[in-house]
Amino acid sequence: MPPMISTNYIEVAVTLPVNQTFVYRLPDRFRSDACSGMRVLVPFGRRRVTGYILEGKEESGPYKTKDVLDLLDDHPLFPESDIAFFKWVAGYYIYPLGDTIKAAMPAGLSCMDVSCAFATVKGAQALEEGGLPDEEIKVLELAAGKDGISLKSLARRDPAGAAVLRRLEKKEWVQVTAVLQKETAGIKTEKFVSLPEQTPNQQIRMSAKRQKILALVREAREISLTELKRHVPTAPNLIKPLAQAGWLNVISRRVFRDPLGEPVTPDTPPELTDEQAAVVKDVQGRAGLFSPCLLVGVTGSGKTEVYMRLVADAVEKGRGAIVLVPEIALISQTERRFRARFGEEIAVIHSMLSQGERLDQWRKISLGKVNIVIGARSAIFAPIREIGIIIVDEEHDYSYKQESGLRYNARDLAVVRAKMHNCPVVLGSATPSVQSCRNAMTEKFIKLELTRRVNSQTLPEITLVDMKKYQGTWGTDSIITPELGRAIRSCLEKGNQALIFLNRRGFSTFPVCASCGKTLGCPHCDVTMTFHKGADHYMCHLCGHVFTADIRCPDCGTGKIRNLGFGTEKIESMLKSLFPDARVARMDQDSTAKKGSTLAILRQIRNRTVDIIVGTQMLAKGHDFPAITLVGVLCADLTLSLPDFRASERTFQLLAQVAGRAGRGKDPGHVIMQTFNPDHFTIKAARSQDYLEFFNQETPFRKALMYPPFSRMVQLKISGKDAEKTRDHAQLAADILERFNGQEPKAQILGPIEAAIQRISSRFRWQILIKGPSSGNISRMVSAMVRDPAIQKVKSVTIAIDVDPYSLL
Ligand code: ADP
Ligand code: ZN
């Protein structure tokens with residue numbers, strides 16, 4: 001427990017869009033319990049809001065202070081040392097500090113926060129004495145119950161209740177406090193049955209079934225109740241009297257299962273390969289020093305084993321560890337492997353947990369009961385006190401970028417947090433991001449490598465099929481080429497599984513020239529144009545350039561532009577008719593919308609109850625399915641034509657990852673990659689699975705056009721319900737930015753332009769992109785702009801700030 005606050009005042013970050021912190025007086029009654037990292041309820045204007053205690057203050061400062069109304073936690077949610085980190089995050093992402101902390105905390109917290117009215121002693125007396133008006137009696141009676149009455153349910157019962165409540169509050173007959181509702185979610189436990197050390201002398205009647213149970217327990221020494229039930233279905237009832245008479249011991253113990261429902265058995269660490277040992281030794285040698293490392297290791301080279309060694313080592317040295325992995329990998333296997341190694345010692349945070357379970361994990365960490373956290377991006381905020389190592393697996397993965405609210409990148413924050421804790425941070429990948437590669441080139445990062453697969457398997461062989469050959473053909477041939485069809489057939493004949501990948505997502509279409517195969521790009525920016533249905537034209541999302549819908553290919557001058565438009569669902573039905581005997585399943589955003597369906601599909605693949613699985617990128621990453629020997633990529637170009645300067649990078653990574661799904665078992669893998677652009681350097685680099693080849697070809701473009709990592713970017717997303725007001729506000733923002741753009745080096749302000757999706761949930765959307773050599777300069781401009789009174793005055797239009805944006809749509 002950190003030291004209690006002994007001062008009269010505290011500095012509080014309130015959860016409101018404000019740019020500063022506030023000082024409140026801490027009444028005596030809280031002084032022995034309050035410490036930094038706890039939440040308080042404070043008055044703010046006419047409202048009451050939640051805030052986080054940052055630190056104690058001796059002085060109140062120049063303003064008159066108000067009193068803290070309530071202390072909401074009995075334990076700090078985060079250690080004091082994290083405050084510097086939160087301040088950094090808030091500053092960098094230009095986001096209010098209180099809201100930043102709120103975004104960093106597990107979601108359940110604030111949702112469970114309800115304001116409740118409780119009758120005070122005085123109120124209870126008044127109620128007893130009687131003679132009150134009916135409406136007051138009604139409310140007081142409700143508030144006099146053990147759990148009080150939440151303001152919400154009061155309003156539901158009685159529309160006039162709120163007014164009455166205020167009256168009662170004034171008389172100090174009731175008190176309104178925020179209450180953290182108790183979690184109902186429990187921990188999964190299981191009963192285990194064993195024999196006691198001594199035979200009991202208390203005799204009971206031994207029926208045949210009871211004897212059978214005793215025999216089973218004797219044989220197994222210890223057996224789970226679930227297992228017992230399998231032999232004797234009525235075991236739960238039968239063991240009770242046996243346990244009471246001392247014939248059996250029954251204990252409840254926490255059990256771990258992987259998300260697929262299989263129990264996890266403890267493992268023993270294997271002996272490291274020479275390459276692994278060298279990497280582990282290198283990183284261990286950097287303990288206690290901020291050392292950002294990029295670990296490039298081909299798929300199957302044993303990166304996870306390296307991570308586990310480093311984590312074990314940090315814990316041995318008395319420090320904690322944070323391991324970040326993409327959500328989907330966590331579900332399919334990484335959690336299982338860490339469980340097998342670390343069992344009870346870890347906390348796991350991901351979206352498959354209920355809010356209660358997540359909160360429970362968080363508490364375990366903040367109370368110091370566990371020292372290892374493994375989780376998806378939000379785990380970077382886990383309240384570990386002294387971090388010894390941070391791992392980011394699949395560091396190139398886009399799921400590390402949060403795309404709403406506090407738009408942070410967990411990979412980048414991992415490096416920041418490691419710096420604050422003076423510890424190594426290992427970013428691992430087989431297909432590292434251009435950003436991290438460049439950091440390794442410029443020696444900002446230390447480069448480590450694993451070049452061989454542990455079991456000396458070879459990487460799968462990749463065949464390119466030029467889809468232009470089948471342009472004239474109608475029907476399925478143009479989508480599932482004869483080459484791919486043959487490969488699927490032979491895969492099925494061998495009894496193996498085939499994975500068919502098509503990343504057709506979102507609203508957009510993909511303009512490709514039907515005769516030369518080039519995608520329709522913007523003449524001013526290195527991005528692909530996007531077709532806008534409403535406006536019936538193509539538009540560039542960076543500069544706003546427009547082509548009419550009937551344009552001919554500007555590249556070859558003749559070709560008609562085709563908007564490729566087939567999705568996974570269509571493919572699924574095509575495959576079903578092409579291979580009527582095969583069992584076909586689909587995994588994409590649509591088929592997994594229902595809770596639990598992702599796991600159900602993964603289980604089907606694992607149990608081999610499907611033969612062909614069609615899917616989007618959800619299927620491309622992290623999974624380890626040994627029976628998949630064929631991977632078919634239907635249109636490798638789809639992501640290449642995304643309106644984003646990272647389109648090539650994204651495509652390369654995705655293709656290399658999906659190819660890596662093939663041949664992870666005994667049988668070698670084969671990949672058929674269908675493409676309109678077999679000569680594109682991205683496709684070629686993906687084929688040779690060579691990230692350096694890709695990096696060397698990609699970076700000159702980025703450099704020439706001043707894109708990251710050669711510049712910094714901030715995107716402003718402006719939205720409002722009124723079309724005109726939104727447009728005007730966007731223009732105003734751009735004008736103000738321009739005014740603050742005096743300092744050298746100057747930034748480029750592009751826009752405002754209308755967003756690709758012009759309206760979402762009846763809000764009109766505009767964008768401004770700011771690009772420049774220095775992030776400090778851009779950040780100053782943007783902060784000054786959002787604080788400008790002219791901007792602040794307009795409440796009906798919001799400006800969301802996306803620092804280092806990933807999705808420019
Ligand atoms: P990556 O994360 O690089 O794709 P993994 O860590 O998943 O690779 O390792 C691939 C496989 O090799 C896993 O099944 C893992 O258990 C196994 N493995 C890793 N290191 C060793 C080792 N030193 N000896 C034996 N098997 C290993
Ligand atoms: Zn063309």
Side-chain angles (χ1 to χ4, degrees), residues 258 260 262 264-284 293-313 321 323-343 346 374 376 389-397 399-400 411 426-433 436 447-460 499 602 606 619-628 631 653-669 671 689-691:
D258 74 358
L260 297 181
E262 292 160 34
V264 177
T265 42
D267 78 338
T268 9
E271 197 175 317
L272 295 180
T273 65
D274 291 348
E275 274 192 335
Q276 284 174 320
V279 169
V280 169
K281 191 160 169 244
D282 187 316
V283 180
Q284 276 172 348
C293 306
L294 176 64
L295 171 60
V296 185
V298 296
T299 49
S301 59
K303 292 187 288 296
T304 312
E305 186 59 43
V306 168
Y307 303 151
M308 290 196 288
R309 293 301 170 96
L310 294 174
V311 166
D313 185 57
V323 182
L324 300 184
V325 298
E327 182 87 35
I328 194 82
L330 198 59
I331 294 168
S332 61
Q333 59 177 345
T334 317
E335 172 177 357
R336 181 193 181 83
R337 291 177 62 183
F338 271 80
R339 278 276 185 235
R341 184 70 52 87
F342 298 104
I346 62 171
I374 167 168
I389 184 121
I390 303 180
I391 308 276
V392 184
D393 189 25
E394 312 285 5
E395 66 88 27
H396 64 276
D397 199 276
S399 70
Y400 288 124
R411 192 258 329 263
V426 177
L427 312 181
S429 177
T431 53
S433 62
S436 297
K447 189 170 168 187
L448 306 168
E449 275 184 295
L450 294 173
T451 59
R452 289 183 295 275
R453 284 190 156 182
V454 172
N455 56 4
S456 7
Q457 245 170 3
T458 51
L459 290 168
L499 186 162
L602 290 174
R606 166 132 298 148
L619 206 52
K621 310 185 269 197
H623 307 289
D624 192 11
F625 297 122
I628 293 179
V631 166
Q653 288 160 349
L654 205 49
L655 293 178
Q657 291 285 330
V658 72
R661 295 314 111 210
R664 295 175 80 90
K666 300 187 305 294
D667 296 339
V671 180
Q689 300 175 64
D690 185 344
Y691 77 97

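As the structure lists them, so they are numbered: ligands from 1, and atoms in each ligand from 1. Keep in mind it's a predicted model, so treat the numbers as computed, not measured.
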- Query: Which of these, Glu271, Glu305, Glu275, has its nearest heavy atom closest to atom 23 (N) of ligand 1?
  - Reply: Glu271
- Item | Contacting atoms of ligand 1, where contact means under 4.0 angstrom from a heavy atom of Val298 | 3 (O)
- Under-4.0 Å protein heavy-atom contact, atom 15 (C) of ligand 1: yes
- Does at least one non-hydrogen atom of Ser301 fall below 4.0 angstrom from an atom of ligand 1? yes
- Shortest non-hydrogen contact from Gly297 to Lys303? O-NZ, 2.7 Å
- Query: Can you tell which part of Pro270 has a heavy atom less than 4.0 Å from ligand 1: side chain, backbone, both or neither?
  - Reply: side chain
- Among Gln689, Gln657, Glu395, side chain to side chain donor-acceptor pair (under 3.5 Å) partner for Thr431: Gln657
- Message: Quick test: of every protein heavy atom, which one is nearest to atom 8 (O) of ligand 1, and how far off is it to 0.1 Å?
- Response: Gly302 N, 3.0 Å
- Where do Pro432 and Ser429 come nearest, in terms of heavy atoms and distance? N-OG, 3.3 Å
- Item | Pairwise salt bridge (charged side-chain N to carboxylate O under 4.0 Å, His left out) hits with a residue in residues 447-460, at least two apart | Glu275-Arg452
- Item | salt_bridge(Glu394, Arg411) N-O dist < 4.0 Å | no
- Sub-4.0 Å protein heavy atom next to atom 3 (O) of ligand 1: yes
- Item | Backbone N/O of Gly302 and side chain of Gln276: donor-acceptor pair under 3.5 Å | yes
- Item | Atom of Asp393, atom of Pro326 and distance for their closest heavy-atom approach | O-CD, 3.8 Å
- Sub-4.0 Å atoms of ligand 1 with respect to non-hydrogen atoms of Arg337: 5 (P), 6 (O), 7 (O), 13 (C), 15 (C), 16 (O)
- Message: Suppose we measure from atom 26 (N) of ligand 1 to each protein heavy atom; which comes out shortest, and what is that distance?
- Response: Val454 CG1, 3.5 Å
- Message: Looking only at protein heavy atoms, which one is nearest to atom 20 (N) of ligand 1, and what is the separation?
- Response: Gln276 NE2, 2.9 Å
